[in-house]
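Notes for the one structure printed next.
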Amino acid sequence: MSLSAFLLVSLVLFSAGLVAIMSRRNLVTILVGIELMLNAASINFMAFNYYTAVDPVVGQIIVLVIIGLAAAEVAIFLSILMVLYRARHDVDVEEIREIRG
Amino acid sequence: MANVLLILPELTIFLAAILVFKCLILGLSVLHVWRVAFAGSLLGLGACLITLGMTGEPFHPGIYRVDLFSQLMKTVIAAALVLVLVLSDSPPVMRRDAWRELPFFLLLSSAGLMMMTSATELITLYLALELSAFPVYALIVLHRDRRMGSEGATKYMLQGMVASAVTLYGMSFIFGLSGTTYLSEIAAALPELGSQPLFWVGLLLLLAGFLFKLALFPFHFWAPDTYFSSPHPVATFIATVSKVAAIAVLCRMVAVAGWNEASIDGETLRIVLIVLAVAAMTLGNLAALVQKDFKRLLGYSAIAHAGYIVVALQAFSSLGHTAIVFYTIGYLAMTWICFMVACEVGRNRDTVPVSALAGLWQRSPMLALCLLIGIFGLTGLPPTVGFIGKWFLFSAALEDGQFLLVLIAALNSAVAVYYYMRVLRVAYLLEPAKEDTGILAPSPLVVTGAMVACLVVLWMGVAPNYFWEIAAEAIVALGATY
Amino acid sequence: MNPAILAIVVIFTPLVAFATAMLFCMKAHRIAQGLILGGGAVSVVGAFLLLLGGPSETQSIVWLSSGSLELSFGFMFDGLSLSFGAVVALITFLVQVYSIGYMHHDPAKTRYFALLGLFGWAMLGFVYAVDLLQALIFWELVGLASFFLIGFWYEKPSASAAARKAFLLTRIGDTGLLIGILLIINISGMAHIPALLDAETGLTTMVSEGTLTLLVLLIFMGIMGKSAQFPLHTWLPDAMEGPTPVSALLHSATMVAAGVFLFARLHPLFMASETAILVVLCIAIFTALMSATIAMVETDLKKVLAYSSIGQLAFMLAALAAGGLLAGILHLILHAVFKALLFLCAGSYIHHFETNDMREIGRRGGRRMRWTTAGLVIGGASLAGLPPLAGFFSKEEVLASLSHGGYHLIWFLALFAAFLTAYYTFRMVFFIILPDRPLEADATVHDSSPVILGPIIFLTIATVLGGLILGPLAAILLLDVPHHSLLSMLPAILCALAGVFVAWWDFGRSRATRRGFVGAVPVLHRLFSRKWYVDDVYQAVFARFIQLMATVLHRVEVDLLDGGADRLADVTRWTGGWTARLQSGWVQAYIASGVVVVALAGYFLGSR
Amino acid sequence: MIATLVIAAFMILAMAGAIYAALVPHTLHCIIGLGLTLFGVAGIYLYLGSPFVAAMQILIYIGGISVAMVFALMLSVSLAKKMKHSEIKVILSSIAAILFLAVMARLIMTTEFPLREEPAGAAAWGVEQIGHGFLTTYSPLFIGLAICLSVAIIAAVLVARREADKS
């Protein structure tokens, strides 16, 4: 397996994440899209770590940090979603368009 | 020991945050918690001033750099934090149960921002970016009007998460091409990296997260919405403190990318930045013309100002960077003044429409005078720092021969007069609406802060030499890193 | 005394007075007035002391230095700034005195007087400035102060609209000026005016003529805005919404004069570029003709004067562009004197009759205000260029410099414009002194109070004697007094007189007052009676043609240019609304546009 | 050969899961798609020589994050509700994403990466090195991460709690 195969896989993940973010209406599925993007970045880091990095520990540490931050991000986003849901009884991103102009 | 001294500002702010958290757990009243936080932020400012002259690397070499540039930016951040805390003792616009937590989150976010100014390693930078953003996301949703707060927070966080994911993706390519995440090593490898188009694309993706914080086109959409829907002190924080850190990081990254003589064609990246800057200025100024809400208007004005800053940034020159640092200090003071007025006027309002400023001249001459100075600064009129600062920004671009760009920027700032003057007109010439004719009496602390900020705006405008020299020295220190 | 200290006193006393009045005397009108007047008086005395001291070395300190860039702050004491500084201080002071009477009943007097102080500070700071950036700062402050003063009666929507328009249009011009100065600093690394103007080491030696042309034309953009030259002139007539003393100040020695002053200040730079000279000449002469023809159909007293200002400013610019430095400065100074006089007289009428329509002023007995009327006639005669008044000398110099410079077509057109100027000026005069129906026996018409008349009388005397300054001015500017034969003066005099005569034919003659007019100025009658056939031709062909042209241009002015500026604002606002609609509230669209832009940028970056 | 086949399978799993997650209408299915992807990614990590990171991926991501999402769905019924799926939106956003994909793919294919002489074996970098790195060179990361997580927990608790005040 060559390096660019991994990069292309991660690119597909990234693009799929973008599609999810841009087209889905449910905020939870949009969060899924963001997770896909983060994973794409993680794959890149691991692949580069394996093939090009000077010190092969770096990539792993980076990916661990990313996993940790993703967990934190999800926690906060879901809690905000709870408030949103309580205030509106809806999590449709196309319905929350009151602030504009 | 020396190492601890180097990270004294961050440490102080962290410790203050922990202390505040302790107070929260102990169930102290809002006022007490706020006092602790305020004292902590003052100590943090003091710590910044103490470390202003220091240089060194407190952790493993290459990860975290303390120099005049970072410490200057930290001082500015700490000063801005103090100013924001002045406005946030008990903001009625927030959920009552969140009043106590507000200073805690502000302190934490500031600590993250301080880390951003010093981080010289990509992942540390990313971590600091996230650390500074999380508390702010949480604060927006604590708006008294839950419907508005949750909408604003959701949208801001969504865009923020996408931007930071894009940043991370860009970082991965830079890591892959250079084999390292240390900025200094990347800079050293630049002559080879510069010939790879992927490096520049990666750098652009990497910059996305910071351009997002700066609210540059096309990552600008959040600014008016978030300014509008955040509780006023939180909006103040976003508009002032976090802008400074974003600008600091951008300076550092661009210094890496193309500043040294030996470098390569950053030309293509520059063209992209120019296009984005033009779009940001034009969009921001045009959309601001029709705004009815004061904070929204400031949001669009922030987009335009992001454009002005990038006008100087794309010059990739030390003059441009000095101009940016100089302007940032002034911009911070001007913006804070405007938001301070918004906070005071909107004390019991969820939003601050421009019409709420009507009759400010009668309700509080002091606030009206401050607003005048702040708006003059944003407009770019002498003798405020807005004029001289913009002058420096534009001359940096001109030094580079970007004639057309400066022409567009200058025309833009001429258009901007229109909406800034509209605000002044409402504040000075209209009678107050029936429901708010009462006298506004800002607390002595706010008055003190306002006086300091006004003084800075005027002082930098009349005698810029002192600040200019500090900024120039800081940029020299920044350049010495690479 | 050290001139620098004196200059600081001259410039900053009004500022101190302004700040004190604004901060401490909002309720105490009398104290505020006294402060501002005192500040003005100190400025006048100081400025004249400086003038008497004669030209001396430039004094400056380094204000900001960074790498190759060095900006300074200081004062120039050459003939130009000394003489014009004295005029500025003097006229500002006179207007302040006059305002005591004029603004007597206004409740917001303190604000008004304080702003006059601010205006004086800004303009004096500009006049003595040694550094281009310093000059630009004060230049902007002049615009700012005028913005506040034009919109002084902000309750009137038209006043605040006029203020905004003035500010916006001049700011558009300032954009060019700003970039021009930035470019100069970038090219030369300095903004010290004497150093830039130096013939051996200055800017002209550093750049090619093409670059220089670009630079000076950018600067000229700012001048066009401030000095109200076509097509940035539309703000000036609207600016009449301000109190009349403000108009007097705005049109004589401060706001609009700033543009011409800057041109005179940077004269050597302009002289080095043939193209720039031609552009300036064309714009100036077109502006002169256009403003004159428009003034011919106006009935608003202040607007006629406003258009005449535009025309006279164009004369000054034309003279300067043709190389006549002395002529331009002379006209600048003398025009300041007699235009201030005209506006103060107009203010005196307006204060009394509370109308701007000159026909109505005439019908209700304007001429019974004898001192005011005397001032108006003498000021008008000076504006028309009648000897031996101030305007005659300066206009004569202007025309002479055009013909000396070899611009014969321009010279001819300028003569024509001078003729038109005389025509509409005396049309105005005749409307007031020879109304179309007999005056009623109205006992209430009396002349204004002494504080109003004092400045008028002073300026009247100055207008009469103004021609005497030609020699001293040339001496202080280190220029030679040009010698003119009587023959070369003849065209100008004849044009002016023809204008007056035609005006009389049209407006003074055919009514019952005809005899009185001819009896009052029999000289005019005798001079012109020998040239009947010219008058016939004029009546048959010329007058109709000119009337037509005036109407057409007036329509163009009102519908196209004036409306154009408003429409521009509309379009901008509409675009703004459309832009704001991009902010649709739909967060996915935000993200999508970000993704698309990044992808396009990535394609661009990657394909290089 | 077998290793290649296995990793190819993991890659296909990751990509298929991602595309499924991006396109499937039902929210719960979407999370399942994410789970598949995460599993595939864990496999990739394993191939790239890091069993520890792969384990973390499975533990935290699949065990933590995905489950949290499912919980969120369950807590509020409508979170799980199937939303209308607009074809045009999917097509437009796919075009945008494919634009990005094409640009990046071309760049990736044309770029010559500075490959190491020979890819290091899995044994060379185990858990000890990671722990060592975290505690020495990358200590700011470790501290920062800890702070981030605690901030997130505090913030989440604070934000999501029901309001006490009735004012």
Side-chain angles (χ1 to χ4, degrees), chain A residues 1 3-9 11-20 22-26 28-29 31-33 35-36 39 42-43 46-53 56-58 60-61 63-65 67-76 78-83 85 89-92, chain D residues 4 7 11 14-15 18-19 21-22 27 30-31 34 37 41 44-45 48-50 53 56-57 60-61 64-65 68-69 72-73 76 78-79 83 89-90 93-94 96-97 100-101 104-105 108-109 113-116 119-120 124-125 129-130 133-134 138 141 145 148-149 152-153 155-156 159-160:
Chain A
M1 275 296 150
L3 173 60
S4 45
F6 289 99
L7 299 185
L8 289 176
V9 169
L11 185 58
V12 169
L13 256 64
F14 196 84
S15 306
L18 281 179
V19 171
M22 289 189 284
S23 69
R24 309 302 300 267
R25 298 179 68 162
N26 192 319
V28 177
T29 52
L31 183 62
V32 167
E35 295 307 320
L36 288 176
N39 268 284
S42 300
I43 295 179
M46 283 302 279
F48 283 130
N49 187 48
Y50 187 76
Y51 287 101
T52 73
V57 173
V58 187
Q60 302 183 61
I61 288 181
V63 173
L64 288 176
V65 170
I67 292 175
L69 284 178
E73 216 169 52
V74 168
I76 295 183
L78 285 179
S79 67
I80 289 179
L81 226 51
M82 286 294 158
V83 179
Y85 179 72
H89 302 283
D90 201 354
V91 285
D92 186 345
Chain D
T4 312
I7 186 61
M11 281 178 171
M15 288 194 284
I19 292 167
T27 310
C30 177
I31 296 179
L34 175 69
T37 304
V41 173
I44 291 173
Y45 291 166
L48 291 174
S50 182
V53 177
M56 282 297 139
Q57 169 90 357
I60 300 178
Y61 251 121
I65 297 176
M69 287 187 189
L73 284 186
S76 46
S78 125
L79 278 183
M83 304 258 175
K89 251 174 87 180
V90 174
S93 51
S94 301
F100 183 83
L101 186 131
M104 292 307 291
I108 289 170
M109 299 305 284
F113 290 96
L115 295 181
R116 255 209 313 266
W125 8 305
Q129 279 89 339
I130 296 176
F134 254 134
Y138 292 95
L141 281 184
L145 187 58
C148 262
L149 282 169
I153 290 165
V159 168

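We name chains A, B, ... by the order of the sequence lines, and we start the count at 1 in each one.
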Per-residue contact mode, D:T37 against chain A (heavy atom under 4.5 angstrom): side chain
From CD1 (A:I43) to CD1 (D:I44), nearest 0.5 Å: 4.0 Å
Exercise: identify the closest heavy-atom pair between A:A16 and D:A22: O-CB, 3.4 Å
Residue pair A:R24 / D:C30: nearest heavy atoms and the distance that separates them: NH1-SG, 4.2 Å
A:V12 and D:I19: CA distance, side-chain angles, deciding distance, side-chain contact (heavy atoms from CB on, under 4.5 Å) verdict: CA-CA 8 Å; A:V12 169; D:I19 292 167; 4.2 Å; yes
Any side-chain heavy-atom pair of A:Q60 and D:Y45 under 4.5 Å: no
pair A:I67-D:Q57: side-chain heavy atoms closer than 4.5 Å: yes
Rounded distance (nearest 0.5 Å) linking atom CG of A:N49 with atom OG of D:S50: 8.0 Å
Proximal component of D:F134, with respect to chain A [non-hydrogen, under 4.5 Å]: both
Close side-chain approach of A:R25 and D:K89, heavy atoms under 4.5 Å: yes
Closest heavy-atom pair and its distance - D:A96, A:M22: CB-CE, 3.9 Å
Residues which pass side-chain hydrogen bond (donor to acceptor under 3.5 Å, both in side chains) with A:E73, listed by chain and number, not counting sequence neighbours: none
When D:I31, D:L149, D:I153 are compared by non-hydrogen pairs under 4.5 Å with chain A, the top option: D:L149
Part of A:V74 within contact of chain D (heavy atom distance under 4.5 Å): side chain
Heavy-atom check, side chain of D:Y138 versus side chain of A:V57, under 4.5 Å: no
From D:M15 atom CE to A:L36 atom CG, the distance as rounded to the nearest 0.5 Å: 13.0 Å
Interface moiety of A:V63 toward chain D, non-hydrogen atoms closer than 4.5 Å: side chain
Contacting region of D:I7 [heavy-atom separation from chain A under 4.5 Å]: side chain
Side chain to side chain contact (heavy atoms under 4.5 Å, CB included) against D:L115, all qualifying residues, sequence neighbours excluded: A:L3, A:Y51, A:T52, D:F113
Value rounded to 0.5 Å, distance of CG in A:L13 from CG in D:L34: 9.5 Å
Rounded distance (nearest 0.5 Å) linking atom CG of A:L64 with atom CG of D:L141: 10.5 Å
Chain D contact via A:L78 - which portion, at a heavy-atom distance below 4.5 Å: side chain
Structural part of D:L145 lying under 4.5 Å from a heavy atom of chain A: side chain
Residue A:V83 versus chain D: region with a heavy atom under 4.5 Å: side chain
Toward chain D, the part of A:F14 with a non-hydrogen atom under 4.5 Å: side chain
